[in-house]
Amino acid sequence: MNDKVILVVLDGLNLKVAQDCLGYLNGLVEYKKATQYSLYSELPSLSRPLYECILTGVAPIESGIVHNNVTRRSLFESVFSLAQAQGKTTAAAAYHWVSELYNRSPYDPVRDRHTHNESLQIQHGVFYHWDHYPDEALILDGEYLRQEFDPDFLLVHSMNIDDTGHKFGLDSPEYRNSARHADIILSNFLPTWIEEGYQILITSDHGMNNDKSHGGTLIEEREVPLYLIGDRFSHLDVAIKQTELCGLVCEVLGLTHQKAFNEDALA
């Protein structure tokens, strides 16, 4: 059993599109190598507030990160801060807002794009600041961090699905095909991660609508997938909240924490 965790956030991925288009991930579900859950994003259904929610367990209304232009560090304990303080190694291949929340704000691409500093919450990072940064490159960044630094907690966060949704909308071939493309890329790496015993969570921050945006209460903006892979999860039919993902990860990592989580989701 491996207690190391990889959290994959496919930004902007709507639940129905995930169910229809992620052939490899849903194949893992069919062969009982993964379990798929649905969950609702907290409100507002915007990216930076929901990065904070996923990684701290604190809803936007409570965190104060209520829109994408709130540029400051988090005020709450996160998976990163708890892991770093308790002697774990942390890493992230992610959009630069994650660096601003948990390392340094504002983001300086020269200083922060490539981060290796044991004193920071995210000790090893490859951050990007282009929404069109290729998912292929992003997943390779994550795999580089995994192989080079062997982190206990690794965040891999891609933006192409969200970027395509903003350009073409939910009900578009371009948006659906961007999800299919991310699934193909992940299929090149997940078998190794599974074989090596990682506990893997694959989810999204929010969905997408036909106005080429998100942020409100529409079901297509709020309902997102969660795939759990690994023997630390129960794989039972349980309800999991977005605010419980942080606590779930902390439990698997063996961290001392005060975060909420659904005990029935763990083996």
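Salt-bridge formation is not detected for the pair R48/D205: no Lys NZ or Arg NE/NH1/NH2 atom is positioned less than 4.0 Å from an Asp or Glu carboxylate oxygen. Salt-bridge formation is not detected for the pair R104/D108: no Lys NZ or Arg NE/NH1/NH2 atom is positioned less than 4.0 Å from an Asp or Glu carboxylate oxygen. Classification of R176 and D20 as a salt-bridged pair fails, no side-chain N sitting under 4.0 Å from a carboxylate O. One finds a salt bridge joining D150 and K4 here, because a Lys/Arg side-chain nitrogen approaches an Asp/Glu carboxylate oxygen to under 4.0 Å. Using a 4.0 Å cut-off between charged side-chain N and carboxylate O, R146 and E143 make a salt bridge.
With hydrogens and angles ignored, the 3.5 Å screen pairs no side-chain donor or acceptor of T243 with any backbone N or O of V58. The backbone N or O of V238 sits nowhere less than 3.5 Å from a side-chain atom of N262 that would complete a donor-acceptor pair. No donor-acceptor pair under 3.5 Å is formed between the side chain of S234 and the backbone N or O of A267. When atom types are taken as modelled, the side chain of K88 and the backbone of P151 share no donor-acceptor pair closer than 3.5 angstrom. Side chain of D112 to backbone of Y107: no donor-acceptor contact under 3.5 angstrom is found. Side-chain N or O atoms of Q121 include none that pairs as donor or acceptor with a backbone N or O of T90 at under 3.5 Å. Looking only at distances, a side-chain donor or acceptor of N14 sits under 3.5 Å from a matching main-chain atom of E220. With hydrogens and angles ignored, the 3.5 Å screen pairs no side-chain donor or acceptor of R222 with any backbone N or O of Y40. Between the side chain of S78 and the backbone N or O of T56, no donor-acceptor pair lies under 3.5 Å. Between the side chain of T164 and the main chain of N160, a donor-acceptor pair closer than 3.5 Å is present.
Closest non-hydrogen pair, A182 versus D135, comes out as CB-OD2, 3.9 Å. Closest non-hydrogen pair, A18 versus P225, comes out as CB-CG, 3.6 Å. Taking every heavy atom of both residues into account, E42 and P60 meet most closely at CB-CD, 3.6 Å. Between G169 and N210, the shortest heavy-atom distance links the atoms C-OD1, 4.5 Å. Closest heavy-atom contact between N68 and S47: OD1-N, 3.4 Å.
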What's the verdict on ring-ring contact (aromatic ring centres under 6.0 Å, His included) for F261 and H257, showing C-alpha distance, side-chain angles and the deciding distance?
CA-CA 11 Å; F261 67 98; H257 67 96; 5.8 Å; yes
Could you walk me through whether L13 and M208 satisfy the side chain to side chain contact (heavy atoms under 4.5 Å, CB included) test, starting with their C-alpha distance in whole Å, then the side-chain angles of each, then the deciding distance to 0.1 Å, before giving a yes or no?
CA-CA 7 Å; L13 178 60; M208 186 62 61; over 6 Å; no
Side chain to side chain contact (heavy atoms under 4.5 Å, CB included), that's the test. Do W97 and T71 meet it? Break it down for me.
CA-CA 8 Å; W97 291 351; T71 305; over 6 Å; no
Where do H181 and N177 land on the side-chain hydrogen bond (donor to acceptor under 3.5 Å, both in side chains) test, with the steps shown first?
CA-CA 6 Å; H181 187 59; N177 284 334; over 6 Å; no
The test is ring-ring contact (aromatic ring centres under 6.0 Å, His included); show your working for Y51 and H157 and say whether it passes.
CA-CA 10 Å; Y51 304 162; H157 167 233; 4.7 Å; yes
For H235 and T35: C-alpha separation, side-chain torsions, deciding distance, then whether side-chain hydrogen bond (donor to acceptor under 3.5 Å, both in side chains) applies.
CA-CA 6 Å; H235 301 284; T35 305; 2.6 Å; yes
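S38 is not listed as a side-chain neighbour of V224, based on a closest heavy-atom distance of 4.5 Å or more. Under the 4.5 Å side-chain criterion, counting only non-hydrogen atoms from C-beta, L50 is in contact with Q242. Side-chain contact between D231 and Q199 is present, with heavy atoms from C-beta onward closer than 4.5 Å. Using a 4.5 Å heavy-atom cutoff, the side chains of Q123 and T115 are not in contact. Counting only heavy atoms from C-beta outward, the side chains of L15 and Q36 approach each other to under 4.5 Å. Contact annotation: the side chain of D152 never approaches that of V5 to less than 4.5 Å [non-hydrogen atoms, C-beta and beyond]. Contact check for I139 versus V156: side-chain heavy atoms found under the 4.5 Å cut-off. Residues H214 and L46 meet the side-chain proximity criterion, which asks for heavy atoms closer than 4.5 Å.
In this structure, OH on Y102 lies 10.5 Å from CZ on F76, to the nearest 0.5 angstrom. In this structure, CG in L245 is found 7.0 Å from CG in L201, a value given to the nearest 0.5 Å. Rounding to the nearest 0.5 Å gives a distance of 11.0 Å between CG of L82 and CZ of F153. For the atom pair S213 OG and L218 CG, the distance stands at 8.5 Å (nearest 0.5 Å). In this structure, NZ in K241 is found 15.0 Å from CG in L226, a value given to the nearest 0.5 Å. Taken to the nearest 0.5 Å, the CG atom of L10 stands 7.0 Å off from the CG atom of L22.
Environment of CD in E195: sparse, with no more than 12 heavy atoms of neighbouring residues, nucleotides or ligands closer than 6.0 Å. Atom CD of E136 has more than 12 neighbouring heavy atoms from other residues, nucleotides or ligands inside a 6.0 Å radius. Enclosure of atom CD in Q86 by more than 12 non-hydrogen atoms of other residues, nucleotides or ligands within 6.0 angstrom is indicated.
Ring planes of H124 and H116: tilted class, angle from 30 to 60°. Note: Y128 and Y95 have perpendicular aromatic rings, judged against thresholds of 30 and 60 degrees for the angle between ring planes.
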